[in-house]
Amino acid sequence: MDNHLNNQEQAFIKAYDQYADAIFRHCYFKTSNQELAKDLMQQTFLQAWAYTQDGKSVREWRAFLYRLANNLVIDWYRRKKADSLDQLLDEGFSPETTDAHEEPTLLAEFNLALKLLDQLDQADRDLMVWRYVEDLSIREIADLLGERGNTVSVRLHRATKKITQLVRDREKLNQNNQDHETI
Amino acid sequence: MKLFNRKIYKLFRSLKTVSLSVADKKAIKNQLITNLGLNPASEPMIGLNGEWWQWRGMVLVGAIVLVLGSGIGVSTAAEGALPGEWLYAVKTKIKEPIGRALVKTQNNTSATFELSLLHKRLSEAEELLADDKLSEVLEKSVKLEISKQTAKAVAQTVEPEPSNNDARQPDLPEATKIETGAKPAVTVEVDVSQVAEEAKDNRANQIRNFNELMEEHQDIIDKLEIKFEKLNKSDDPENKGQTTAAAVSNDPLDRQQDQMARPRLPAGLPGLPINKPNQKP
């Protein structure tokens, strides 16, 4: 039985090392609050451990942690409505990685990505982040949302199309501004 | 989509730079590890790290397999059962009626099925005779089973009689009655002209098959007749000298079935012998 406990602990610690950042990001994009995201991430792992304390085992840690984090965020939303991502940008949040600080291009892309995300509704935002930031498969997303893979694919396609259109509009606007300045 | 693949994908990947600081990550990890020590995980509900419902599913599947397996086992064992054995009832009262019901859903196979059952009944009788297990008690039941099965098999070799029999009879020529045995119950009506019009190849084949089958089992039937004759002699003095089939037809129940089993056979086709199955008209 000691082996079992060790295995459980090892699996839990391994899951933390692998998914702590992803869960933090998930909470952060949903709450726009770095400290809150950190707390929610920690609570997510505490709840996960509490689940294993009941003698239950976890097979898919990533999906399981996302589910717990999602529920915690929903609970938090019920207590307090989140600020928009714009507020975050106004506050001048910068990514934690040193690369981003050193590369202004990366920071600009990051800010633009946040702005684009902010123009999507919450469901589409989750889909885009899960698929293109966290690299979750369609099936994993479908399991998380309790929907069929086809439905997720269709929704993802629509969200992608929306983002593409937003980028095109933005580029067209920038081009017009540049032409205006030239004139 | 090309635009997305190149530019937007890169934009979204930049979001991955959002992460915990190394210090924060380590601090939270230490807190969690402390929590692990304070609140160790309990034993799993059912061993092997399995969820209890997974095991419940396996138990359920196991139970289904057991039930099906035992059912198939009993059914297979019953296949070789002989009259007088307890599994014989499983064979004749459960398995064969199910087979009959299944066969009825498919066209033109009932006769074959009934003939195969008759074949079985005769084989069983042969086996009992060979082993000298045909006791007085079994004799009646074997006799009855063969009689019943013969009636069923014969009934399948002819088309059902029209419901309005009276309306049809006047158009037909007078039927010929053939006395085939000592007792009046053993008669066969052969409608010569009607048969020539209505006879079909499949019916002819079915009847021919039946006669061939009876010929094939002539030895068994002869032995049965001898055995039944002896038993009848000892039981009932009135039945002295009667052949087995005749003895069967004297039984009120058998006679009724025998009459049911007597079809209007087509002319030109081999008739159904009663006393001697291989006897041709």
Side-chain angles (χ1 to χ4, degrees), chain A residues 1 4-5 7-9 12-13 16-17 20-22 24-25 28-29 34 37-38 41-42 45-46 48-57 59 93-97 99-100 105-114 116-117 128-129 131-135 157 160-161 163-164 166-168 171, chain B residues 1-70:
Chain A
M1 200 46 67
H4 159 68
L5 294 180
N7 289 340
Q8 288 278 64
E9 285 176 0
F12 178 77
I13 292 166
Y16 178 83
D17 289 337
D21 283 330
F24 168 73
R25 267 193 299 273
Y28 171 71
F29 290 133
Q34 199 175 355
K38 219 186 290 179
M41 185 274 286
Q42 192 171 356
F45 279 93
L46 284 171
W49 183 248
Y51 180 82
T52 59
Q53 276 187 292
D54 293 340
K56 298 167 187 170
S57 60
R59 283 189 171 187
F93 176 84
S94 62
E96 293 289 340
T97 56
D99 289 346
T105 318
L106 186 61
L107 186 59
E109 282 175 347
F110 174 82
N111 287 334
L112 178 57
L114 279 182
L116 290 170
L117 271 186
M128 295 300 285
V129 170
R131 187 76 184 100
Y132 297 109
V133 180
E134 305 302 343
D135 294 324
H157 178 72
T160 306
K161 213 171 167 183
I163 287 279
T164 308
L166 285 170
V167 170
R168 277 179 184 155
E171 282 178 348
Chain B
M1 283 307 289
K2 280 183 182 176
L3 178 68
F4 179 83
N5 287 340
R6 291 175 188 171
K7 200 175 272 182
I8 302 176
Y9 185 75
K10 200 178 166 195
L11 279 177
F12 274 85
R13 296 308 285 183
S14 70
L15 293 176
K16 205 154 189 170
T17 56
V18 174
S19 61
L20 288 164
S21 67
V22 177
D24 282 346
K25 197 170 176 179
K26 200 173 178 182
I28 293 170
K29 186 177 180 178
N30 287 336
Q31 285 177 14
L32 290 171
I33 288 172
T34 311
N35 183 56
L36 296 187
L38 293 172
N39 303 300
S42 59
E43 292 179 12
M45 286 179 178
I46 297 173
L48 299 176
N49 293 340
E51 298 280 1
W52 68 273
W53 52 266
Q54 290 168 342
W55 289 94
R56 188 177 65 174
M58 287 175 74
V59 167
L60 189 67
V61 168
I64 290 168
V65 168
L66 193 68
V67 167
L68 287 177
S70 59

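Since the model is a prediction, treat every value here as computed from it, not as a measurement. In the text below, chain A, chain B and the rest are named by the order of the sequence lines, each starting its count at 1.
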*Salt bridge flag under 4.0 Å for residues Lys29(B) and Asp17(A)*: yes
*Do the side chains of Leu15(B) and Leu117(A) get nearer than 4.5 Å, heavy atoms only?*
yes
_Less than 4.5 Å apart, side chain to side chain, heavy atoms only: is that true for Trp49(A) and Asn35(B)?_
yes
*asked:* On a heavy-atom basis, which atom in Arg25(A) and which in Val18(B) lie closest, and how many Å separate them?
replied: NH1-O, 2.7 Å
*So do Ile28(B) and Phe45(A) actually touch side chain to side chain, heavy atoms under 4.5 Å?*
no
*Quick one: are Arg13(B) and Asp135(A) in side-chain contact, heavy atoms under 4.5 Å?*
yes
*Might you point out which heavy atoms bring Met41(A) and Leu20(B) nearest each other, and give the distance in Å?*
CE-CD1, 3.1 Å
_Distance (rounded to the nearest 0.5 Å) between Tyr28(A) OH and Ser19(B) OG_ = 11.0 Å
*asked:* If we ignore hydrogens and angles and just use 3.5 Å, is the side chain of Tyr16(A) paired with the main-chain N or O of Lys25(B) as donor and acceptor?
replied: yes
